[in-house]
Amino acid sequence: MEGLEQKLNTAWAQEQIFHFDDSATRDQVYSIDTPPPTASGSLHVGHMFSYTQTDVVARFKRMRGKKVFYPLGWDDNGLPTERRVQNYYGVRCDPTKPYDPNYAPPEKPAKNQRDWDMISRRNFIELCETLTVEDEKVFEDLFTTLGLSVDWRQTYRTIDDHSRTASQRAFLRDVRSDNAYTAEAPTLWDVTFRTAVAQAELEAKERPGAYYRYPFTDDAGNEVVIATTRPELLPSCVALVAHPEDERYQHMFGHSVTSPLFDVEVPVKAHTLADPEKGSGIAMICTFGDMTDVTWWRELNLPTRALIGREGRFTGDTPEWITTEHGRENYQQLAGKTVHSAKEAVVELLQAADLLRAEPEKITHAVHFYEKGDKPLEVVTSRQWYIRNGGRDADRRDQLVERGRKITWNPGFMRSRYENWVEGLNGDWLISRQRFFGVPIPVWYPLNSSAEPDYDHPILPEEDQLPVDPASEPAPGFAESQRGEPGGFMGEPDVLDTWATSSLTPQIAGKWERDPDLFNRVFPFDLRPQGHDIIRTWLFSSVVRANSLHDTVPWTNTAISGWILDPDRKKMSKSKGNVVIPNEPLEQFGADAVRYWAASAKLGADTAYEISQMKIGRRLAIKLLNVSKFAFGMGVTEEHVVGSGNDGVVITEPLDQALLAKLRSVVQQATDHFENYDYARALNLTESFFWAFTDDYVELVKDRAYGAQGEQAQASVRATLATALDNLLRLFAPVLPFATDEVWRWWRHGSVHGASWPQASDLDGVVGAPAVLDAVAEALTSLRRAKAEAKVKQRTEILSARITGSEHNIDAVRSALEDLRAATKSQVLQLESSGEESPEISVTDVSLAETDQP
RNA sequence: GGAUCUGUAGCUCAGUUGGUUAGAGCGCACGCUUCACACGCGUGAGGUCGAUGGUUCGAGUCCAUUCAGAUCCA
């Protein structure tokens with residue numbers, strides 16, 4: 001096995017068998033929208049697992065005659081790459097800097113981050129492209145060793161000029177067709193990263209908290225006690241809310257109450273989202289504690305009283321809606337404080353005023369975090385760009401669910417994750433990010449005579465100008481000198497959410513609008529393989545874009561891989577220190593063995609990292625080499641293969657016919673399963689047949705293959721061996737590309753990967769009953785058992801034995817009696833029908849030859 | 001709270017529209033250097049299919065309830 005990977009990869013590259021034939025028509029093409037790995041990220045056995053599963057399908061489709069479009073791009077438009085470039089070169093991006101075409105990074109990064117070079121966004125992107133080339137090499141080497149049949153000429157980077165162009169083009173088209181828009185609205189905000197965050201990037205984490213209970217009072221001095229986990233938002237309170245059917249608060253709806261500490265009068269409202277079971281059943285609405293507050297604020301037309309700023313602190317100015325001296329004094333205790341300190345301050349004030357109506361009730365509750373952040377998200381009002389995704393529009397939501405139903409999901413149950421997600425959306429897709437690295441939002445705003453931007457009339461570039469960077473290029477029709485001047489323009493400072501670009505991988509890989517001829521041949525793609533953790537992001541956003549840009553699904557099939565767990569069934573992660581570096585198993589067991597492990601797992605099934613499974617794969621591959629050697633030693637050649645245009649009359653022995661009849665059924669079933677993306681099942685069936693072939697059939701026919709039963713019988717076995725091998729090599733080729741091609745090249749022309757997938761109908765010329773092989777194998781096992789139980793060598797001669805079974809089974813054994821005698825070194829085998837009472841084959845009265853005692 | 005998946009041999013997993021006696025590999029036990037293969041070969045032991053109830057001539061498979069584990073959504 002050792003060395004096959006390198007040798008055959010060289011051959012495949014020379015023979016260009018993975019090159020896409022761009023003259024193929026759409027119906028001949030099978031196109032794959034492969035996940036672009038983060039090259040600057042770490043290699044993981046999970047990569048080998050899921051990419052192999054895709055490759056197995058790609059190789060199958062190629063053998064089925066499809067022209068496979070199988071590109072692989074690189075995702076370098078994101079935080080991991082940004083950080084790596086910063087640290088590697090000692091640079092930082094400052095989008096306001098002009099591009100310096102002669103810029104060279106420092107030889108060594110400065111020790112202190114304050115001394116790092118500040119460079120333009122374009123210079124930063126150029127460094128990123130330089131650096132990731134090295135990282136990509138590591139991945140490409142791994143993927144090549146693993147045998148991925150990728151067409152490496154079809155590649156892209158998610159930050160390169162073409163991807164930025166595609167991303168900006170798609171954005172502009174969505175803006176022009178009103179599928180994207182800008183709005184000033186409350187949005188989830190991460191105070192650490194200082195950026196807006198989309199719903200898809202949320203993660204709910206269980207955190208300890210407490211309910212604080214304190215009263216609001218009405219004109220008559222009656223108290224109504226509310227319970228809240230966020231008392232610090234009290235000065236932002238705009239209303240109280242209870243469920244419309246809650247008996248306890250009926251009399252209060254429509255009336256006003258006054259807040260404690262700050263003396264602000266707020267109305268009591270009714271809304272179905274108020275949960276009577278939660279706390280005291282009546283809640284404060286504050287602008288804004290969470291997205292439910294936003295919903296109430298919008299639907300109940302409440303005023304905005306926002307106090308928390310983008311850095312997560314309460315504003316230093318005392319708000320004008322707090323009018324009493326007492327209230328303004330109290331607010332001074334919060335001014336400028338972080339959310340955390342403000343909470344402590346409010347609780348102290350409540351305590352001092354004896355307003356806490358109960359001991360704080362400690363609870364654990366779900367708190368929303370940015371998936372990469374470690375502080376709870378706040379809700380901050382800001383101007384952002386959005387893409388319509390059905391979150392605010394039932395018709396569009398239904399349309400997107402319907403798109404999901406046009407896609408064949410593998411496995412099928414993954415569709416419910418998609419539908420759960422779409423149905424749970426509570427707003428449009430926020431796509432602007434307040435970061436510097438990424439694809440710039442290609443927009444400028446005109447400034448009025450006071451140099452204030454007019455956000456409602458953004459200036460858009462023409463598509464032939466793309467890619468643009470509004471931070472360093474002037475708006476069309478303006479000079480750079482007018483930037484920031486009254487009557488001039490300002491550039492949009494934000495970049496696009498990375499998913500806004502990744503959602504376009506089919507368009508990017510298919511060279512949308514760059515090569516319309518190619519695009520029409522590959523789009524919509526046939527397959528999107530990906531992990532189930534990014535259904536709500538990558539998968540969904542791709543559906544959204546294809547829907548608005550092309551009025552279609554982006555692909556017709558999706559293959560969702562499971563995750564790799566460590567042998568204790570824990571998720572592998574760097575922090576747990578249980579990550580396996582892919583090179584180890586590849587070196588230890590070989591690529592075919594690793595692929596076997598991956599291809600044994602069904603789509604969607606989380607799978608343990610199992611070395612034992614790789615050992616089995618290795619053993620299978622080696623066995624394939626050995627049994628092939630045996631067949632060729634028996635004089636088997638290409639001419640002996642029975643197939644289309646060869647009627648198989650040469651196969652005269654019932655045992656041989658039985659093997660091929662079994663093979664025919666395996667070919668049929670494996671093909672069907674493969675077509676349904678159940679490659680694991682196809683492999684399993686093929687493997688079972690293969691072991692029956694080597695352990696039983698080959699052992700039975702050895703003597704005949706040497707010519708012991710004459711030329712005709714020998715010709716029959718040669719044809720059977722050749723045909724079985726020919727089919728087996730092709731059936732195994734997608735999973736074990738190296739071993740199968742190695743053998744293929746010993747006796748055939750070209751590569752097995754350029755050969756066609758076997759067809760059951762090619763074996764129609766052979767008539768036989770599979771049961772013959774089963775019966776003879778059963779007799780063989782029984783005779784072996786007799787020797788094993790007598791603890792003699794398998795070579796020991798059997799002087800005589802009696803074999804009984806049903807008429808049918810005995811006939812089968814009789815038809816291969818000479819093979820069975822030779823394989824078991826039996827002199828006399830008496831065959832007796834026992835009738836239908838005991839149809840099973842059984843062996844009795846075994847008389848063994850004397851053996852030398854040790 | 002809503003949804004989905006998984007419970008089958010010591011371990012990892014197959015098991016198709018319900019159909020004889022529930023399979024494989026690993027591990028284990030016993031034996032064998034057998035002329036393709038010790039990177040090997042042969043044989044064997046091992047399971048009340050998570051639990052309960054139902055449908056059926058017949059249930060690992062379908063239905064209901066339930067227990068356990070995992071994931072997604074809110």
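So you know, we letter chains A, B, ... as the sequences are listed, proteins then strands, and number each from 1.
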For a quick test of reading the model: is some side-chain N or O of [X] closer than 4.0 Å to OP1 or OP2 of [N]?
X        : N      : result
A:Gln613 : B:rC11 : no
A:Tyr706 : B:rA36 : yes
A:Arg784 : B:rU43 : yes
A:Arg619 : B:rC41 : yes
A:Arg681 : B:rA14 : no
A:Lys791 : B:rG44 : no
A:Lys623 : B:rC41 : yes
A:Thr781 : B:rU43 : yes

Open item on the list: Show, in sequence, the C-alpha distance, side-chain angles and deciding distance for A:Trp409 and A:Asn557, and conclude whether the side chain to side chain contact (heavy atoms under 4.5 Å, CB included) test is met.
Closed with: CA-CA 6 Å; A:Trp409 294 72; A:Asn557 288 276; over 6 Å; no
Grab the [atom1]-[atom2] distance between [X] and [N] for me, whole Å please.
X        : N      : atom1 : atom2 : value
A:Phe693 : B:rC37 : CZ    : C1'   : 14 Å
A:Ile560 : B:rU6  : CD1   : P     : 16 Å
A:Ile611 : B:rC11 : CD1   : C1'   : 14 Å
A:Phe632 : B:rA36 : CZ    : C1'   : 11 Å
A:Asn626 : B:rG40 : CG    : P     : 9 Å
A:Lys787 : B:rU34 : NZ    : C1'   : 10 Å
A:Phe413 : B:rC73 : CZ    : P     : 15 Å
A:Ile616 : B:rG40 : CD1   : P     : 12 Å

May I ask you to say what [X] touches in the nucleic acid, namely base, sugar-phosphate or nothing, with a heavy-atom cut-off under 4.0 Å?
X        : value
A:Gln588 : nothing
A:Lys702 : base
A:Gly633 : nothing
A:Glu699 : base

Task: Among B:rA36, B:rC73, B:rC32, the one nearest A:Lys793 by side-chain distance - done: B:rC32
Would you verify whether the NZ or CZ of [X] falls within 45 degrees of the ring axis of [Y] while also being under 6.0 Å from that six-membered ring's centre?
X        : Y        : answer
A:Lys623 : A:Phe693 : no
A:Arg618 : A:Trp597 : no
A:Arg415 : A:Trp421 : no

- [ ] Let me know, please, whether A:His673 or A:Ala788 comes out on the 5' side of the other along RNA chain B by nearest nucleotide.
- [x] A:His673
Task: Residue whose nearest RNA chain B nucleotide is more 5′ - A:Gln794 or A:Ser416 - done: A:Ser416
Open item on the list: Would the base of B:rA74 count as contacting A:Glu423 through its side chain, where contact means a donor and an acceptor less than 3.5 Å apart?
Closed with: no
Task: Any N/O donor-acceptor pair, A:Asp695 side-chain to B:rG42 base, under 3.5 Å - done: no
When the [atom1] atoms of [M] and [N] are compared, how many Å lie between them, rounded to an integer?
N      : M      : atom1 : result
B:rA14 : B:rG60 : C1'   : 12 Å
B:rG23 : B:rA64 : C1'   : 29 Å
B:rA70 : B:rU8  : P     : 15 Å
B:rG40 : B:rC35 : P     : 15 Å
B:rC13 : B:rG19 : P     : 24 Å
B:rC26 : B:rG42 : P     : 11 Å
B:rG10 : B:rA45 : P     : 15 Å
B:rG18 : B:rU61 : C1'   : 6 Å

Could you identify the nucleotide paired to [N], looking across every strand shown and requiring Watson-Crick or G-U wobble geometry with both distances under 3.5 Å?
N      : value
B:rC32 : B:rG40
B:rC11 : B:rG25
B:rC5  : B:rG69
B:rA64 : B:rU52
B:rG19 : B:rC57

Task: Presence of salt bridge, A:Asp656 and A:Arg704, under 4.0 angstrom - done: yes
Open item on the list: Any salt bridge linking A:Lys662 with A:Asp774? Criterion: basic side-chain nitrogen under 4.0 Å from a carboxylate oxygen.
Closed with: yes
Task: Criterion side chain to side chain contact (heavy atoms under 4.5 Å, CB included) on A:Met291 and A:His368, from CA distance to verdict - done: CA-CA 10 Å; A:Met291 291 313 278; A:His368 280 153; 5.8 Å; no
Task: Shortest non-hydrogen contact between A:Ser502 and A:Ser542, atoms and distance - done: O-OG, 4.3 Å
